[in-house]
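The structure appears below as structure tokens.
First the proteins, then the strands, lettered A, B, ... as listed; each starts at 1.
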2 protein chains.
Amino acid sequence: MESSHRNLTQQVVHELGRKIMQGSYKVGDSLPSEADLCTQFDISRTATREAVKMLTAKGLISSRPRQGIKVVDSKHWNLFDVDVLNWILLGKPDLYLLRHFLQLRLGIEPEAAYLAAQYAQEDELAAIENALARMKDATNGQDDTHEADIEFHQSVLSASNNPFFIQLKNFITTALKVNIRFTNRMIPVTVAEYQAHVDIFELIKNKKPQAAFDAAMITQRATLAIVNEQISVLENKAL
Amino acid sequence: MESSHRNLTQQVVHELGRKIMQGSYKVGDSLPSEADLCTQFDISRTATREAVKMLTAKGLISSRPRQGIKVVDSKHWNLFDVDVLNWILLGKPDLYLLRHFLQLRLGIEPEAAYLAAQYAQEDELAAIENALARMKDATNGQDDTHEADIEFHQSVLSASNNPFFIQLKNFITTALKVNIRFTNRMIPVTVAEYQAHVDIFELIKNKKPQAAFDAAMITQRATLAIVNEQISVLENKAL
DNA sequence: ACAATAGTATTTATAATACAATTAAAAAGG
DNA sequence: CCTTTTTAATTGTATTATAAATACTATTGT
């Protein structure tokens, strides 16, 4: 199961959160009432209510007397919550979702590189370099390469020295994992990609914010263009 | 009071959340135990525990047997949660905080304008135009101008048609409110600023993504430069 | 003296029950 | 038909009891 080590409340949070993010319960739908959830999960009201409160805190549901427990409009969902992102990740890969992730990465990462070039400390530069070394070494398995890739992007965000960018590490990590699901079958991790990462690092290290920004931007616009192209093909087929 | 209409649990969530974000309880600090919170707020364990669970869900605290309730490291805080943002806003204005907000806005908003230029529907364009009209009309009070300004930025995010950007409306709104606290005394809402907004809208309407991006970027880099300058002055005085 | 083990006490986790508050929907009244 | 009142369903809060987890202490054996 994976969730058996967690306490009851958290298991219910995970189960309901997953179902909401995967669309088993849709926006506006009612969840089972407290009483029903108690019997379904075979737990007390205490545990049930605490689970409901946690999902409420994450913006997924509302709970009011007589009205019951309902999935609220998706604009209220805390999409940057680490749990919510993981529940999204459990769903089917979806090109539109991938595009949405890439679009925001395009906003975040070039600017993070810009800030890293301005504010990175020695140890933060070392962390980025370390991730690059891991990427180069990992010639054996794809998994290692991807893990090192994630570490690279995370360390750049850390080097921005901005708490908001740092909090977005969850988001970027999830975005990369969604990306990997597609690219594993379509685009190998190329030497060119690795070199692009090295180039960005060099610009950060040499304190060239604008150049680092541009380099990151170009790489990501190219990736997004590929996905947009794939979506176009798909949509034309559908006609 | 403002919070008297909410239920007990939510009042406690608000009170504790506020204290954590304002630093009354610092990272690593223990909060009072469940039992103590019950007596302090004069409420039952039920309400107390549900409040604790909600703050846990927002990533602010952890709660484990024997160890008690502790404020976790700030990298776990869900800074994009609407409540957390409001609690930040209740604190003292802080130039460094303003800079952090502006830095992320610089990542988000130009790209949002880019996407709006690609994907905005008729009604979404109308919404942006409506906000601009409100900005122009509001010659009487500053509050109206600021409200219309917030509406402008929100409507651009909506027009991006990307759920992640839409979720960031909370963030941008808070960022603008923090900004207003400073600029109310330092920089008046100028005609030039209004014109910059109009220009961006025109580029979005005419489907010029890159131009809209550049226009938004230039405006925001200028604002950030001012703040950076102010911080420099402050830090030099401190020496 | 020290390490491993077992015991103890503190704190949260869960359960069960009772009652209060809210409110959507039905019933009553005009 | 509209307004008001009543009802009933559902969550909100309180209370008590017990279980589980774990930091700390004491014990034991070497």
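When all heavy atoms of A:Gln40 and A:Pro32 are compared, the pair lying nearest together is NE2-CG, 3.5 Å. Closest non-hydrogen pair, B:Arg181 versus B:Lys92, comes out as NH1-C, 4.3 Å.
When DNA chain D is scanned in the 5' to 3' direction for atoms under 4.0 Å from non-hydrogen atoms of chain A, the outermost contacting nucleotides are D:dA8 to D:dT13.
Contact annotation: A:Arg66 side-chain N/O to C:dA21 OP1/OP2 distance is not under 4.0 Å. OP1 or OP2 of C:dA13 has at least one side-chain nitrogen or oxygen of B:Arg49 nearer than 4.0 Å. Close to C:dA13, at under 4.0 Å from its OP1 or OP2, lies a side-chain N or O of B:Lys53. Dashed line: the shortest gap from a side-chain N or O of A:Thr46 to OP1 or OP2 of C:dT14 is not under 4.0 Å.
Distances were taken from every side-chain heavy atom of B:Arg45 (C-beta onward) to each of C:dT23, C:dA18, C:dT12; the shortest belongs to C:dT12.
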>> Could you walk me through whether A:Asn86 and A:His14 satisfy the side-chain hydrogen bond (donor to acceptor under 3.5 Å, both in side chains) test, starting with their C-alpha distance in whole Å, then the side-chain angles of each, then the deciding distance to 0.1 Å, before giving a yes or no?
In response: CA-CA 10 Å; A:Asn86 282 328; A:His14 187 268; over 6 Å; no

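Nucleotides of DNA chain C nearest to A:Ile43 and B:Pro32 differ in position, and the one nearer the 5' end is that of B:Pro32. The 5' end of DNA chain C is approached more closely, in terms of each residue's nearest nucleotide, by A:Thr48 than by the other of A:Thr48 and A:Pro65.
For the ring-ring contact (aromatic ring centres under 6.0 Å, His included) with A:Phe171, the qualifying choice from A:Phe165, A:Phe80, A:Phe164 is A:Phe80, the only one to do so. If you run salt bridge (Lys or Arg N to Asp or Glu O under 4.0 Å) between A:Glu34 and each of A:Arg49, A:Arg64, A:Lys53, only A:Arg49 comes through.
The distance between atom CD of A:Glu50 and atom C1' of C:dA15, rounded to the nearest whole Å, is 11 Å. Protein atom CG of B:Leu31 is 14 Å distant from nucleotide atom P of C:dT11, rounded to whole Å. One can place NZ of A:Lys70 at 13 Å from P of C:dT23, the figure rounded to the nearest angstrom. When the P atom of C:dA15 is taken as reference, atom CG of A:Leu37 falls 13 Å away, rounded to whole Å. A straight line from CD of B:Gln67 to P of C:dT11 spans 12 Å, rounded to a whole angstrom. One can place CD of A:Gln11 at 13 Å from C1' of C:dT14, the figure rounded to the nearest angstrom. As a whole-Å value, the separation of A:Asn7 CG from C:dA15 P is 10 Å. Rounded to whole Å, atom P of C:dA15 lies 13 Å from atom CZ of A:Phe41.
In this structure, A:Glu15 pairs ionically with A:Arg18, as a charged nitrogen and a carboxylate oxygen lie closer than 4.0 Å.
A donor-acceptor pair is defined here as one N or O able to donate and one able to accept, closer than 3.5 Å; such a pair exists between the side chain of A:Gln11 and the backbone of A:Arg6.
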